[in-house]
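Each chain gets a letter, A, B and so on, in the order its sequence line appears, and its residues count up from 1.
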Amino acid sequence: MNKEPVKVKEVEASQRANGFEEVVLGYTEQEALAEASRCLQCKNPVCSSGCPVGIDVKAFIGQIINKDFQGAYSTIRQKSNFPSICGRVCPAEYQCRKACILTKKGSPFASQRAINIHFLERFVGDYGSKNNAKTVVNQKPTTGNRKVAVVGSGPAGLCAAGELARSGLKVVIFEGLHKTGGVLRYGIPPFRLPRNILDFEIDQLKELGVEIVTNFIIGKTLSLQELFKEGFEAVFLGLGAGIPSFLGIPGENLCNIYSANEFLTRVNLMSAYKFPEFHTPVTVGRKMVVIGGGNTAMDAARVAIRLQKMNNIPGDTTIFYRRTETEMPARRLEIEHAKEEGVKIKVLTQPLSFSGNEAGCVEKIKSLECELGEPDSSGRRRPIPIKGSEFINDCDAAIVAVGLGANKILTSVTPELKTDKYGDVIVDPETMETSIKGVFAGGDIVGGEGTVIEAMGMAKKAAKGIIESLSKQGK
Amino acid sequence: MKIIETNTLLQALGVKIARLKVLAPAIAKKARPGQFIALMVSENGERIPLTIVENDIERGTITLIVQEIGLSTKLLGAMKAGESLYSVVGPLGHATEIKDYGKVIIIGGGVGIAEIYPVAKGLKSAGNRVETILGARTKDLLILEKELREVSDDVKIATDDGSYGQKGFVTDILKETLTQHPTSNSEYGLIYAVGPIPMMKAVSSVTKNFGIKTLVSLNALMVDATGMCGGCRVTVNGEVKFTCVDGPEFEAQGVDWQELEKRNKVYEDKEKHICRLKNIK
Ligand SMILES: Cc1cc2nc3c(=O)[nH]c(=O)nc-3n(C[C@H](O)[C@H](O)[C@H](O)COP(=O)(O)OP(=O)(O)OC[C@H]3O[C@@H](n4cnc5c(N)ncnc54)[C@H](O)[C@@H]3O)c2cc1C
Ligand SMILES: Cc1cc2nc3c(=O)[nH]c(=O)nc-3n(C[C@H](O)[C@H](O)[C@H](O)COP(=O)(O)OP(=O)(O)OC[C@H]3O[C@@H](n4cnc5c(N)ncnc54)[C@H](O)[C@@H]3O)c2cc1C
Ligand code: SF4
Ligand code: SF4
Ligand code: FES
């Protein structure tokens with residue numbers, strides 16, 4: 001008797017575009033109970049195997065059914081430090097929901113009727129933060145007031161800091177930017193992850209005694225070696241993948257062609273959508289083109305169309321993607337949201353070049369049509385450009401969202417920190433320790449562009465590695 | 001980051017240049033010539049790049065010299081000693097390679113003179129013979145002459161209107177120097193120029209036919225200044241480089257000046273609009 005999935009309430013599409021308020025409003029208690037009751041509580045559940053950190057999904061849903069929300073919160077908190085964040089951004093339809101028994105076998109992502117695990121997780125996470133359900137410090141502080149440094153305050157850094165502080169270590173987070181959160185602050189827009197949710201989690205860390213130092217770049221303001229001289233006994237690197245890739249096509253340096261990182265940083269970190277109250281400008285075109293098919297492209301397009309409407313320019317933002325919608329790695333929900341908000345999607349399209357006016361500002365984009373060939377190494381079908389199919393579109397602002405490379409600021413000045421050919425830091429997969437003793441790493445700097453939950457999974461493992469290595473030294 | 005001292009270095013003919021000393025011990029300790037910081041005046045502010053003109057390790061301060069051209073630099077110039085900046089981060093960018101090149105020519109134009117000062121000082125202390133050329137529109141707009149003389153073996157000055165030093169441009173003096181006794185040109189190991197784009201472009205075209213290594217420090221617009229947005233990208237020898245992490249210094253001959261000039265102007269109307277709104281003259 002599995003009833004229809006409980007639809008989550010969302011802000012009306014026409015209302016969304018004139019602001020940055022959260023779009024998905026989440027379940028009420030009744031809705032959460034109704035959705036939880038759909039779960040079959042399988043004898044040997046497959047859902048947890050889809051979760052990168054192995055959250056006991058069946059258990060926490062069972063606890064919701066018994067209205068034991070506090071219990072559900074601590075079940076999730078055993079594996080994920082930020083359920084309110086993961087409940088909002090986790091690509092569950094490629095992970096736990098896809099594994100859920102209710103998903104049709106072999107489909108590339110979760111079926112509609114799969115249990116809405118992420119919405120339930122968000123409900124429990126928000127319940128936990130509203131009733132500040134504290135997880136008790138699980139261990140006696142065995143390591144005294146020994147100091148550990150965390151570099152980078154993205155999900156990896158924040159998660160590692162919490163784990164280490166809860167084990168009694170004195171933790172200092174060093175963040176290069178003037179605000180913490182990494183991509184959660186500068187990349188993912190507030191209408192997907194409200195800032196108060198992020199700030200709440202960061203305040204929790206401060207309550208645990210974690211010190212946060214912003215405007216401080218390890219590798220520039222202080223070297224990695226100097227951290228040890230300052231008395232830190234171990235270092236966790238959560239540097240992230242922050243270097244934007246470009247297409248490398250002619251005209252790409254024309255004015256008003258942004259990397260998605262620049263466009264999103266101007267808007268999310270520097271609040272350029274409140275110009276001139278905030279001083280950082282951003283160009284809002286009349287015909288904006290976003291190139292790419294991932295979460296970054298969806299976020300950039302949805303920000304672009306909001307900026308257009310907020311500057312009373314008719315919404316005209318188009319995503320160019322060289323494969324088709326099914327191959328898009330973005331969260332399915334965000335693809336739907338983008339379309340509901342008026343974003344157009346042009347599939348099987350490969351940009352060739354940009355052209356601009358006298359002042360050097362972009363005006364046109366020339367592209368080729370593609371068809372799908374055999375699957376490439378990632379298993380996705382390879383886009384093959386069709387010769388002679390060139391076509392031109394107006395484009396007075398473009399956003400290139402085609403991927404991020406490993407952040408090089410620290411690795412480029414620390415030769416003894418071994419990296420692979422992509423610039424990702426090499427770690428011992430068990431302890432997450434790098435080639436430098438006492439230096440551990442996790443998140444996108446290790447795995448390349450990944451997800452928030454994967455970053456946290458690695459951070460937890462690295463924290464365990466640090467705690468064990470310190471207690472060994474401690475004797 | 002507290003401002004310890006601030007004074008007006010120059011105010012004439014609509015040009016205002018302020019000098020500030022900022023308390024930033026960690027940055028002061030690590031700063032090397034050619035590096036810069038990115039600062040925000042307030043939480044609403046832009047992140048703007050400024051050269052570290054001097055660093056005092058004992059007092060833990062860095063000196064910034066700022067020409068007030070848009071809103072952010074005007075707000076910065078209006079700040080008083082004792083007030084604090086919202087954020088300062090650095091030292092950023094690659095430091096200048098300070099070694100004994102033999103003879104070097106250092107060229108500064110306008111507020112670029114402040115930007116060449118630490119490089120001249122560093123090269124002088126490394127035993128180079130430092131020949132400095134300073135350029136300004138007119139006598140009243142020339143800054144740091146005394147300071148540059150202290151770190152140079154020879155200083156020549158050009159003003160557009162001839163009101164001080166030689167009439168003309170820094171490139172006129174540069175050509176004279178390189179054509180007087182061409183045989184000794186090989187003793188010049190480096191030419192280093194910072195100033196408005198037209199000046200750096202002209203220096204680059206002069207030194208091209210003398211084959212002397214010429215570096216320029218580019219002033220691309222920046223957002224984060226930590227290599228994560230690509231907004232400061234320039235084309236050098238056909239390759240895309242990020243000014244903030246790959247630069248700010250580049251081989252002058254390879255720079256696509258036209259592209260840089262256009263990219264620097266992209267927010268001009270927005271900048272004028274915000275200045276009017278905030279009725280900042
Ligand atoms: C636009 C966008 C949307 C996304 N959407 C989703 C989504 O919906 N769901 C999902 O699961 N994932 C999403 N991702 C991916 C996810 O954000 C990343 O996998 C995750 O942020 C990685 O976390 P991290 O801590 O490793 O790195 P980051 O979040 O990149 O944080 C790294 C931090 O370290 C700082 N830093 C770097 N070097 C230094 C240094 N030397 N000294 C001091 N500080 C330093 C940086 O300033 C930054 O703050 C998205 C990514 C982007 C760009
Ligand atoms: C590595 C580096 C070091 C620098 N060092 C110094 C320094 O020591 N002293 C100093 O006074 N300035 C320096 N600059 C330039 C300084 O960053 C800009 O003047 C400042 O960002 C302008 O900000 P604003 O908001 O006041 O002006 P804006 O409102 O941003 O711009 C006002 C006008 O000036 C132009 N403009 C904006 N930024 C620049 C720029 N970077 N170069 C040239 N024109 C620009 C714009 O096109 C616009 O027309 C440096 C720049 C870089 C990249
Ligand atoms: S963290 Fe993500 S993958 Fe794991 S259970 Fe929650 S939503 Fe599913
Ligand atoms: S697999 Fe699906 S139905 Fe079964 S316990 Fe997990 S969430 Fe419930
Ligand atoms: S300013 Fe963003 S990469 Fe240089």
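Only the side chain of V240(B) comes within contact range of chain A, judged by heavy atoms closer than 4.5 Å. Residue V400(A): no heavy atom, backbone or side chain, is found under 4.5 Å from chain B. For E43(B), the parts lying under 4.5 angstrom from a heavy atom of chain A are both the backbone and the side chain. Heavy atoms of R233(B) lying under 4.5 Å from chain A belong exclusively to its side chain.
Note: P281(A) leads S412(A), P281(A), G176(A) in heavy-atom pairs under 4.5 Å with chain B. For chain A, the option among Q258(B), K265(B), M40(B) with the highest count of heavy-atom pairs below 4.5 Å is M40(B). Top candidate by heavy-atom pairs under 4.5 Å with chain B, chosen from I257(A), V413(A), T214(A), is I257(A). Considering only heavy-atom pairs separated by less than 4.5 Å from chain B, the leading option among K408(A), E226(A), K274(A) is E226(A).
The two residues R47(B) and L177(A) make their nearest non-hydrogen contact at NH1-CD2, 4.0 Å. Pairing each heavy atom of F216(A) with each of V89(B), the nearest pair is N-CG2, 4.3 Å. In terms of heavy atoms, P244(A) sits closest to G230(B) at CG-N, 4.1 Å. The two residues G45(B) and M270(A) make their nearest non-hydrogen contact at O-CE, 3.5 Å. Residue C229(B) comes nearest to F246(A) through the heavy atom pair O-CZ, 4.4 Å, listed as atom of the first residue, atom of the second, then distance. Between G90(B) and T221(A), the shortest heavy-atom distance links the atoms O-OG1, 2.8 Å.
Side-chain atoms of T265(A) and D224(B) include no donor-acceptor pair closer than 3.5 Å.
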Quiz item: What's the verdict on side-chain contact (heavy atoms from CB on, under 4.5 Å) for N215(A) and V88(B), showing C-alpha distance, side-chain angles and the deciding distance?
Solution: CA-CA 6 Å; N215(A) 302 306; V88(B) 185; over 6 Å; no

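For the pairing with M228(B), the side chain to side chain contact (heavy atoms under 4.5 Å, CB included) check across N407(A), L404(A), N261(A) returns one residue only, N261(A).
Between F275(A) and H273(B), the ring planes are tilted. Angles from 30° to 60° get that label.
Proximity of a side-chain donor or acceptor of N44(B) to a complementary backbone N or O of E277(A) within less than 3.5 Å is detected. Under the 3.5 Å distance criterion, the side-chain polar atoms of K220(A) are left unmatched by any main-chain donor or acceptor of K30(B). No side-chain donor-acceptor contact under 3.5 Å links R266(A) to the backbone of V223(B).
Heavy-atom contacts from other residues, nucleotides or ligands closer than 6.0 Å to NZ of K201(B) number more than 12.
Once rounded to the nearest 0.5 Å, the distance linking CG of L254(A) with CD of E259(B) reads 7.5 Å.
By the 4.5 Å heavy-atom criterion applied to side chains, L75(B) and H279(A) are counted as neighbours.
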